[in-house]
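Order of the sequence lines sets the chain letters (A, B, ...), proteins ahead of strands, with each chain counted from 1. Note: hydrogens, waters and symmetry copies are ignored here, and every other heavy atom, side chains too, is used.
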2 protein chains.
Amino acid sequence: MATPLRIVEVDKLKTACSTCSLHELCLPAGLSASELKSMDRMIDIRRSLKRGDHVFRAGAALHALYAIRTGFMKSSVLHEDGREQVAGFHMMGDLIGMDAIGTGQHLCDAVVLEDSEVCEIPLKSLELLSREIPSLQQHFHRIMSREIARDYGVMLLLGSMRAEERLAVFLLNLSQRFAARGYSSTEFHLRMTREEIGSYLGLKLETVSRTLSQFQAQGLVAVQNKHLRILKIDSLRELVGQHGCRI
Amino acid sequence: MATPLRIVEVDKLKTACSTCSLHELCLPAGLSASELKSMDRMIDIRRSLKRGDHVFRAGAALHALYAIRTGFMKSSVLHEDGREQVAGFHMMGDLIGMDAIGTGQHLCDAVVLEDSEVCEIPLKSLELLSREIPSLQQHFHRIMSREIARDYGVMLLLGSMRAEERLAVFLLNLSQRFAARGYSSTEFHLRMTREEIGSYLGLKLETVSRTLSQFQAQGLVAVQNKHLRILKIDSLRELVGQHGCRI
DNA sequence: CCGCCATTTTGATTTGCGTCAAAACAGTAA
DNA sequence: TTACTGTTTTGACGCAAATCAAAATGGCGG
């Protein structure tokens with residue numbers, strides 16, 4: 001009986017917060033070793049998900065928040081008439097599901113765009129533990145707040161930027177997030193379709209495609225289908241917030 | 001010396017959570033009498049603000065969150081080139097400043113549109129108290145989550161609705177919030193300018209004005225400058241999510 | 001009360017992006 | 001390989017909302 005037990009243990013270790021390479025990016029950031037152990041006890045379910053799977057659906061009851069270990073997903077709000085608005089793209093270290101705490105029901109669908117692994121964090125356990133560990137409490141609040149701050153940025157984008165600016169902001173944001181996770185900031189795969197990018201940016205897929213082609217023609221990026229290379233990151237940055245700026 | 005002391009006490013009582021008419025709408029919702037007392041101890045600063053005042057400015061360090069007792073305000077994100085995006089309108093019972101918890105710095109300006117009174121809630125005290133009072137902790141999380149959910153709704157609006165729909169959603173949202181506070185759901189004053197409405201909705205002020213005039217011509221509302229009366233609330237509701245709907 | 005300034009309305013015109021359409025391309029399964 | 005499907009690109013055209021402009025209205029201070 002020793003062998004299977006050890007396998008289980010190795011498996012558990014492999015996916016524990018304390019040994020997870022993301023723990024400085026994820027919810028347990030800044031916790032001590034013993035506090036990490038408490039986190040490990042709280043998170044006992046990890047789910048593997050395939051492209052196309054839903055982490056949760058709009059309307060479903062909130063069971064847990066989900067920390068992304070690997071992979072890539074989108075969250076999208078659906079309008080009754082079928083219109084879809086992508087509210088965000090999420091990658092490892094991100095925490096999703098926080099929109100559901102208010103009502104107990106998920107507001108958006110979370111759809112897997114690239115095979116992923118998520119850690120289920122029961123809300124009740126998180127609340128309990130964050131009453132005991134002030135730095136966990138603080139960090140959870142920071143994460144929710146950062147989501148609000150991100151949303152304000154998206155509102156600025158959707159409310160007052162032209163197509164080129166929106167796309168530039170989008171690429172710079174992806175770049176910065178990949179960099180923060182140790183990946184290249186200038187070369188990456190777009191896991192989503194042009195239509196999903198468009199939905200996120202409040203544009204039609206044709207406009208996204210045209211604008212990308214335009215960036216390519218200007219030598220700002222090199223795009224080949226889903227593979228993207230940023231060639232002139234500073235020019236992209238300049239592009240944002242110029243607008244024609246007649247002030 | 002008795003008289004001035006009593007005046008102070010009356011003044012304190014008047015503004016305590018335990019006697020505040022908003023306590024079922026505001027942060028202390030659902031707390032017991034003794035828990036309300038603890039809230040009272042935490043909130044000892046109330047500020048009176050005049051139209052045009054800032055509750056906080058973008059870039060300023062986070063000192064406290066602010067619960068609105070009376071009045072009306074907007075929060076707006078500024079782009080370096082001067083573009084302003086109104087991220088929300090806030091009224092009594094609302095909690096503002098949560099965007100700053102993540103970085104410790106406010107991301108947006110909170111500007112008073114109608115003389116207001118706010119309660120300062122030091123974040124540290126709130127964290128401390130919510131570790132002791134689980135229902136306060138839960139409710140604080142719900143409030144942050146509702147802000148995220150609201151933001152998703154605004155994204156849907158900005159990303160995929162036409163002008164008429166945006167304005168209809170805006171009016172219905174105001175209507176519903178006034179109703180929740182015991183005011184008329186069909187007749188109210190718009191405290192903001194057409195330009196501020198436009199900024200919030202991702203439209204220009206002329207479009208807001210034109211669309212309001214159109215609603216008036218259709219008999220949906222009666223507008224007279226800032227005074228608005230909703231005449232056919234169901235028609236407004238129908239207008240949202242029709243879009244031409246060829247599905 | 002008047003005059004001033006900010007706000008709002010309305011009209012004429014422009015334009016950026018959406019819509020429609022079709023071809024090119026990539027990925028998958030047989 | 002070939003056929004099939006979903007995605008992307010590119011072009012031509014139309015439209016909703018922006019822009020430009022000017023008049024009307026409202027509110028405030030003197």
Worksheet item: Does anything in residues 211-220 of chain A reach DNA chain C, meaning a heavy atom under 4.0 Å, and if so which residues?
Response: none

Worksheet item: Do we see a donor-acceptor contact under 3.5 Å between the side chains of A/Ser75 and A/His90?
Response: yes

Worksheet item: In the 5'-to-3' direction, what one-character label does each nucleotide of nucleotides 12-18 of chain D receive under the scheme B = base within less than 4.0 Å of a protein heavy atom, S = sugar-phosphate only, - = no such atom?
Response: B---SSS

Fill in: B/Glu120: partners by salt bridge (charged side-chain N to carboxylate O under 4.0 Å, His left out), with sequence neighbours left out
B/Arg47

Worksheet entry | Donor-acceptor pair between B/Glu84 and B/Ser76 side chains, under 3.5 angstrom | yes

Discussion item. Looking only at side-chain N and O atoms, does A/His227 offer a donor or acceptor that is under 3.5 Å from a partner on A/Glu187?
Written reply: yes

Item to complete: Quick one: sort the B/Tyr183 and B/Phe178 rings into parallel, tilted or perpendicular, breaks at 30° and 60°.
Response: perpendicular

Item to complete: May I ask you to decide whether A/Lys74 forms a salt bridge with A/Asp109, counting only side-chain N to carboxylate O separations under 4.0 Å?
Response: no

Worksheet entry | Difference in axis direction between the ends of the helix from C/dC1-D/dG30 to C/dA30-D/dT1, five pairs, 10° | 50°

Worksheet item: Is B/Arg83 paired with A/Glu165 through a side-chain N to carboxylate O contact shorter than 4.0 Å?
Response: yes

Worksheet entry | B/Arg146 and B/Asp94 ion-paired at < 4.0 Å | no

Worksheet item: Do B/Phe89 and B/Tyr200 have their ring centres less than 6.0 Å from each other?
Response: yes

Item to complete: Determine whether A/Met92 and A/Arg69 make a side-chain contact, defined as any pair of heavy atoms from C-beta on separated by less than 4.5 Å.
Response: no

Practice prompt. Using atom CZ of B/Arg83 as one end and atom P of D/dT19 as the other, report the distance to the nearest whole Å.
Written response: 11 Å

Worksheet item: Does B/Asp115 pair with B/Lys50 as a salt bridge, N-O distance under 4.0 Å?
Response: yes

Response to the item:
B/Glu195 CD to C/dA6 P, in whole Å, measures 12 Å

Worksheet item: Under 4.0 Å between a side-chain N or O of B/Lys226 and OP1 or OP2 of D/dG26?
Response: no

Could you list the donor-acceptor pairs under 3.5 angstrom formed by side chains in residues 202-221 of chain B, with sequence neighbours left out?
unit_1   : atom_1 : unit_2   : atom_2 : d
B/Thr211 : OG1    : B/Thr207 : O      : 2.6
B/Ser213 : OG     : B/Ser209 : O      : 3.0
B/Gln216 : OE1    : B/Val223 : N      : 2.5

Fill in: Sugar-phosphate or base contact per nucleotide [nucleotides 24-30 of chain C; S, B, -; heavy atom under 4.0 Å]
--S----

Practice prompt. Mind calculating the distance between CE (A/Met192) and P (D/dT8) to the nearest angstrom?
Written response: 11 Å

Item to complete: Please state how far atom CZ in A/Arg194 lies from atom C1' in C/dG18, giving the value in whole angstrom units.
Response: 18 Å

Worksheet item: Roughly how many Å is it from CG in B/Leu190 to P in C/dT7, rounded to a whole number?
Response: 15 Å

Worksheet entry | B/Leu65 versus B/Met98, closest heavy-atom pair with distance | CD2-N, 3.9 Å

